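Note that the coordinates shown come from a computational prediction; the quantities given were computed from them, not determined experimentally. These numbers come from the heavy atoms of this one structure, side chains and all, not from hydrogens, waters or symmetry mates.
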Amino acid sequence: MANAFDSYDMAGTKLANRIAMAPMTRSRAYGPGNTPTDLMATYYAQRAGAGLIITEGTQPSVGGQGYMNTPGLHSDEQIAGWRKVTDAVHAEGGVIFAQLMHTGRISHPSLLPDDLHPVGPSAVKADGQVFTHEGPQVLVAPRELTEDEITETIADFASAARNAIEAGFDGVEIHGANGYLVHQFLSSNANRRTDGWGGSVDGRIRFAVEVAAAVAAAIGGDKVGIRVSPGNPYNDIAEENIDEVYTTLTERLAPLGLAYLHLVENQDRGLTRSLRERWPATFIVNPPTYPAPTGPEALALIEDGTADLVSFGALFLANPDLPARLAAGGPFNTPDPASFYGGDEKGYTDYPALDA
């Protein structure tokens with residue numbers, strides 16, 4: 001029987017245990033041009049006891065930003081800033097992947113330079129608000145990406161992945177979940193295209209598959225993971241034919257030789273098992289525990305074979321040494337709901353916070 005505290009070989013990357021730190025938006029990239037700061041290096045190094053750290057969402061291009069003070073991986077300055085983070089984590093014996101997140105329509109013009117406007121698969125406005133330097137702003141209707149722009153955006157993901165490796169990351173995770181651009185293409189309400197990038201199941205999964213293929217070609221599939229959240233309504237997402245979409249997506253991704261599939265699980269354990277059966281590599285699960293954070297009971301998913309790794313979010317904020325506390329059976333500091341920020345995962349599983 002697998003044990004959460006056993007070491008683990010993830011496509012050639014050696015992990016000290018099977019406990020992953022989930023990506024959580026922190027909005028601490030206060031440096032010029034959204035560069036990582038010394039505070040971020042300290043924050044991630046404190047949590048290097050995780051078998052795998054997955055960073056906060058990091059925009060692959062200037063136009064991919066959707067929240068204030070979030071970091072990028074598209075400039076030399078950002079690469080240099082992230083190098084301080086990866087060096088600090090590696091000095092503590094940790095493994096760290098950068099999550100690449102293009103927010104798509106979940107953005108606002110005031111967050112983007114040079115008169116850029118939020119984009120999406122279709123010009124369909126999401127219901128909601130986004131935090132900006134001027135306070136909460138109602139989301140705007142995005143501009144529909146042209147086919148040439150879709151190709152450019154895929155190339156941006158690949159370029160950001162190469163930058164991540166230059167910055168010292170052990171790999172990258174493609175954010176295909178929680179209502180951001182990749183998930184928008186998978187959805188049936190944000191994606192109303194009638195060309196080869198929408199409509200049918202094959203059309204809706206095409207962007208996710210081509211992003212993954214391009215990133216794998218850029219840095220090697222063994223350094224690439226992808227995160228999905230079937231049926232997650234966050235950021236005004238609706239999905240049809242969920243089982244068909246995600247089983248087909250998993251089958252198309254499998255031949256790419258990716259390091260892992262990271263599932264933000266919905267209430268359907270049957271779909272989880274179906275995806276597990278179809279996925280040939282490491283399978284990471286973030287279970288549905290809202291409104292409570294994912295707790296030690298989730299380790300049973302490793303013991304019963306549902307997952308190879310389990311990811312923890314909010315509990316890692318309050319307990320930087322979480323793997324050691326899990327091994328000892330506690331005690332656990334309680335995450336402070338007052339610090340939670342209504343961004344990446346609020347209302348679904350674990351959720352991000354501005355301050356631990």
Side-chain angles (χ1 to χ4, degrees), residues 23 25-27 29 33-34 56-75 78 99-160 174-195 197-198 203-204 206-208 210-211 227 229 232-239 341-348 352:
T25 299
R26 302 298 284 154
S27 291
N34 298 121
E56 61 211 271
T58 303
Q59 52 261 17
S61 61
V62 173
Q65 184 171 358
Y67 299 102
M68 57 185 181
N69 301 322
T70 52
L73 263 169
H74 52 80
S75 74
Q78 290 164 352
Q99 190 192 63
L100 304 181
M101 178 179 82
H102 191 306
T103 61
R105 67 179 186 163
I106 307 303
S107 184
H108 191 270
S110 66
L111 294 166
L112 304 175
D114 304 325
D115 296 323
L116 291 177
H117 191 84
V119 297
S122 300
V124 179
K125 176 184 174 298
D127 183 22
Q129 296 180 327
V130 67
F131 289 92
T132 74
H133 295 285
E134 290 75 40
Q137 299 286 335
V138 174
L139 293 166
V140 300
R143 182 176 57 77
E144 180 174 304
L145 287 163
T146 67
E147 291 205 57
D148 285 345
E149 288 171 333
I150 291 174
T151 301
E152 292 170 4
T153 302
I154 293 169
D156 288 338
F157 274 93
S159 177
I174 299 162
H175 197 344
N178 302 352
Y180 299 113
L181 185 63
V182 176
H183 197 190
Q184 291 162 27
F185 270 92
L186 293 170
S187 78
S188 50
N189 68 335
N191 184 354
R192 299 182 185 176
R193 302 179 74 100
T194 57
D195 59 8
W197 300 95
R204 285 158 54 196
R206 181 181 173 187
F207 184 73
E210 294 206 13
V211 168
R227 194 177 209 218
S229 58
N232 181 358
Y234 187 64
N235 282 322
D236 197 25
I237 286 291
E239 297 183 272
Y341 168 71
D344 192 14
E345 299 174 23
K346 184 179 179 184
Y348 192 56

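In this structure, the side chain of Asn189 engages the main chain of Asp236 through a donor-acceptor pair within 3.5 Å. In terms of modelled atom types and a separation under 3.5 Å, the side chain of Gln78 and the main chain of Leu73 share a donor-acceptor contact.
A heavy-atom distance below 4.5 Å is not found between the side chains of Arg105 and Asn235. Within the 4.5 Å cutoff, side-chain heavy atoms of Ser187 are placed close to those of Glu239. Using a 4.5 Å heavy-atom cutoff, the side chains of His74 and Gln65 are not in contact. With contacts defined as side-chain heavy-atom distances shorter than 4.5 Å, the pair Asn178/Arg227 qualifies. Residues Met68 and Leu111 are in side-chain contact: their nearest non-hydrogen atoms beyond the backbone lie under 4.5 Å apart. Side-chain contact between Glu134 and His108 is absent, with no heavy-atom pair separated by less than 4.5 Å. Using a 4.5 Å cut-off on side-chain heavy atoms (C-beta onward), His183 and Asn232 make contact. Inter-residue side-chain proximity for Val140 and His117 is flagged as met; some heavy-atom pair is nearer than 4.5 Å.
Minimum heavy-atom separation, Ile174 to Val182: CG2-CG2, 4.4 Å. Residues Leu181 and Pro121 come closest through the heavy atom pair CD1-CD, 4.0 Å. Scanning all heavy atoms of the two residues, the minimum distance from Leu100 to Ala160 falls at CD2-CB, 4.0 Å. Nearest heavy-atom pair, Arg192 versus Ser188, reported as atom, atom and distance to 0.1 Å: CG-O, 4.4 Å. Across all their heavy atoms, Gly63 and His102 have their closest contact at O-CE1, 3.7 Å. Of all heavy-atom pairs spanning Leu145 and Thr153, the tightest one is CD2-OG1, 4.2 Å.
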Audit row: Asn191, Gln184, side chain to side chain contact (heavy atoms under 4.5 Å, CB included) steps and yes/no: CA-CA 6 Å; Asn191 184 354; Gln184 291 162 27; over 6 Å; no

query: Where do Glu147 and Asp195 land on the side chain to side chain contact (heavy atoms under 4.5 Å, CB included) test, with the steps shown first?
result: CA-CA 9 Å; Glu147 291 205 57; Asp195 59 8; 3.9 Å; yes

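The aromatic rings of Phe207 and Phe185 sit parallel, their planes meeting at an angle under 30°, below the 60° perpendicular limit.
Atom OG1 of Thr103 sits about 9.5 Å away from atom CG of Leu139, to the nearest 0.5 Å. Separation of atoms OG (Ser122) and CH2 (Trp197) is listed at 13.5 Å; rounding is to 0.5 Å. Atoms CZ and CG, from Phe131 and Asn69 in turn, are 13.0 Å apart once rounded to the nearest 0.5 Å. Atom CG of Leu186 is separated from atom OH of Tyr180 by 15.0 Å, given to the nearest 0.5 angstrom. With rounding to the nearest 0.5 Å, the separation of CZ in Arg206 from CZ in Arg193 is 9.5 Å.
For the residue pair Gln59/Thr70, the side-chain donor-acceptor check at 3.5 Å is satisfied.
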